[in-house]
2 protein chains.
Amino acid sequence: MSKAEKTRQFIIEKTSPIFNTKGYAGTSLNDIMSATGLTKGSIYGNFKNKDEVALLAFDHNFGKIASYIREKIAVHSRIIDKLLVYPETYRNFLNIPFLKSGCPILNTSTEADDTHPMLRKKATKALNSWQLSLEKHIQIGIEKKEIKAETNALEFSIILMSIIEGAVMQAKVTGSSTVLNITMDFLEKMIRDIAQ
Amino acid sequence: MSKAEKTRQFIIEKTSPIFNTKGYAGTSLNDIMSATGLTKGSIYGNFKNKDEVALLAFDHNFGKIASYIREKIAVHSRIIDKLLVYPETYRNFLNIPFLKSGCPILNTSTEADDTHPMLRKKATKALNSWQLSLEKHIQIGIEKKEIKAETNALEFSIILMSIIEGAVMQAKVTGSSTVLNITMDFLEKMIRDIAQ
DNA sequence: TAATTAATATACCAATCGGTATATATTATA
DNA sequence: TATAATATATACCGATTGGTATATTAATTA
């Protein structure tokens with residue numbers, strides 16, 4: 001890893017929470033400079049423009065939560081327990097340090113859907129990969145006879161994602177975990193209901 | 001209605017879709033000027049700053065969808081039919097002209113939760129009024145024996161809202177109605193399930 | 001160690017940001 | 001119709017925006 005590559009990584013790590021809280025339009029180069037302690041020359045020596053930093057910051061933010069969930073899922077062997085990781089995790093959303101700045105998919109989607117095609121594409125792909133991961137787990141669960149055969153994997157995963165994202169939005173803006181507790185209780189029941 | 005009051009209304013009507021698409025940080029005074037055809041002097045003669053326009057634009061956007069739903073609900077007499085207005089409406093979210101710019105609560109919440117206390121407060125209040133309205137309908141439904149007595153009005157309304165907001169986020173960023181159809185089918189079943 | 005390359009800092013650019021003071025229209029009132 | 005009050009336009013303000021050219025420093029290689 002060259003010095004430049006280290007600096008690139010450093011810049012992305014330091015700025016990704018800023019992009020997630022303030023958004024693309026709300027994050028300025030001054031924000032990037034003061035977060036990294038670097039000057040404009042150093043930033044533009046490593047990235048071609050603000051866009052490139054923002055896109056990589058999104059990848060970083062999404063990658064972080066994706067691997068966090070992936071590791072928690074890997075611990076369990078039964079599919080139902082793997083799925084239960086979601087309500088368990090998002091119930092504590094407001095208290096998970098690196099999620100303080102919010103869900104990157106939610107934040108990026110709502111800002112970029114009408115304004116930033118490249119960020120929009122990133123968010124869409126992230127949603128799709130999450131959905132496919134869920135669907136796969138459910139399908140495996142059906143094959144292993146741990147999940148009812150009549151379960152519609154696509155539908156179930158989409159509903160799970162919608163509940164989580166809608167609840168996170170409300171919890172973040174109100175600052176209260178009430179919505180998360182109510183919805184994650186419900187999601188937990190939904191998951192246990194498809195158990196064989 | 002004085003001339004100034006007319007102009008104020010005119011400015012808010014013309015700029016509210018812009019604030020909803022581009023966000024607070026992403027909407028500039030030049031955007032406001034070109035949307036209204038007015039000059040800076042005229043805008044600052046009627047509003048004290050950009051904040052005031054943004055806050056009223058949010059009220060306008062939320063008021064529009066709230067009254068749209070309210071009118072549709074008023075048509076029905078049975079509570080279940082009133083509740084079914086939500087899945088019916090949000091199923092076509094992407095095709096309702098004045099909702100093209102997205103859900104104001106969703107957009108404002110995700111941008112303002114960490115950046116703009118006043119807008120954040122507006123979004124929180126809007127969520128609360130929506131939730132209370134739903135809860136009231138359900139309680140009336142229970143009293144009228146149209147809804148099962150064991151239904152938890154708070155839980156049900158929160159879950160309904162989460163599903164809708166999560167689905168709208170996904171539909172807007174992907175540009176596809178698939179998620180809306182799947183989730184609104186599910187919501188419809190949920191509503192019919194609490195019918196007495 | 002000297003020369004070369006890579007990485008960072010400095011100083012600047014035009015354009016745009018939100019906002020204001022003042023001049024000019026426009027409207028309402030006497 | 002003359003006057004007063006309101007409303008809009010013009011012209012400007014300093015600060016900040018994203019971005020660049022060049023100078024300087026640090027790291028690597030010969």
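Below, read A as the first sequence line, B as the second, and so on, with proteins coming before strands; counting in each chain starts at 1.
Ser28(A) has a side-chain polar atom (N or O) that falls below the 4.0 Å cut-off from OP1 or OP2 of dT17(D). Applying the 4.0 Å criterion to OP1 and OP2 of dT20(D), one finds that Tyr44(A) has every side-chain N and O outside that range.
Judged by distance alone, with hydrogens and angles left aside, Lys50(A) brings no side-chain donor or acceptor close enough to the base of dG19(D) to form a pair under 3.5 Å.
Ring centroid separation for the pair Phe98(B) and Tyr68(B) comes in under the 6.0 Å cut-off.
Relative orientation of the His116(B) and Tyr24(B) rings is perpendicular, given thresholds of 30° and 60° on the angle between their planes.
Each of Gly41(A) and Ala25(A) lies near DNA chain D, and the nucleotide nearest Ala25(A) is the one positioned closer to the 5' end.
Using modelled atom types, no side-chain atom of Asn107(A) and backbone atom of Thr110(A) make a donor-acceptor pair closer than 3.5 Å.
Residue Thr27(A) is classed as a sugar-phosphate contact, given heavy-atom separations below 4.0 Å to backbone atoms only. The residue Ile43(B) sits apart from the nucleic acid: no heavy atom pair falls under 4.0 Å.
Residues Glu88(B) and Lys72(B) are not paired through a salt bridge, judged by the lack of any N-O separation under 4.0 Å between the basic side chain and the carboxylate.
Between Gln9(B) atom CD and dA7(D) atom P the separation is 15 Å, expressed in whole Å. In this structure, CG of Asn46(B) is placed 18 Å from P of dG18(C), rounded to the nearest angstrom.
Candidate nucleotides dT8(C), dT8(D), dG19(D) were compared by shortest atom distance to the side chain of Thr7(B), and dT8(D) ranks first. If you check dG19(D), dA9(D), dG18(C) against the side chain of Lys40(A), the one that comes closest is dG19(D).
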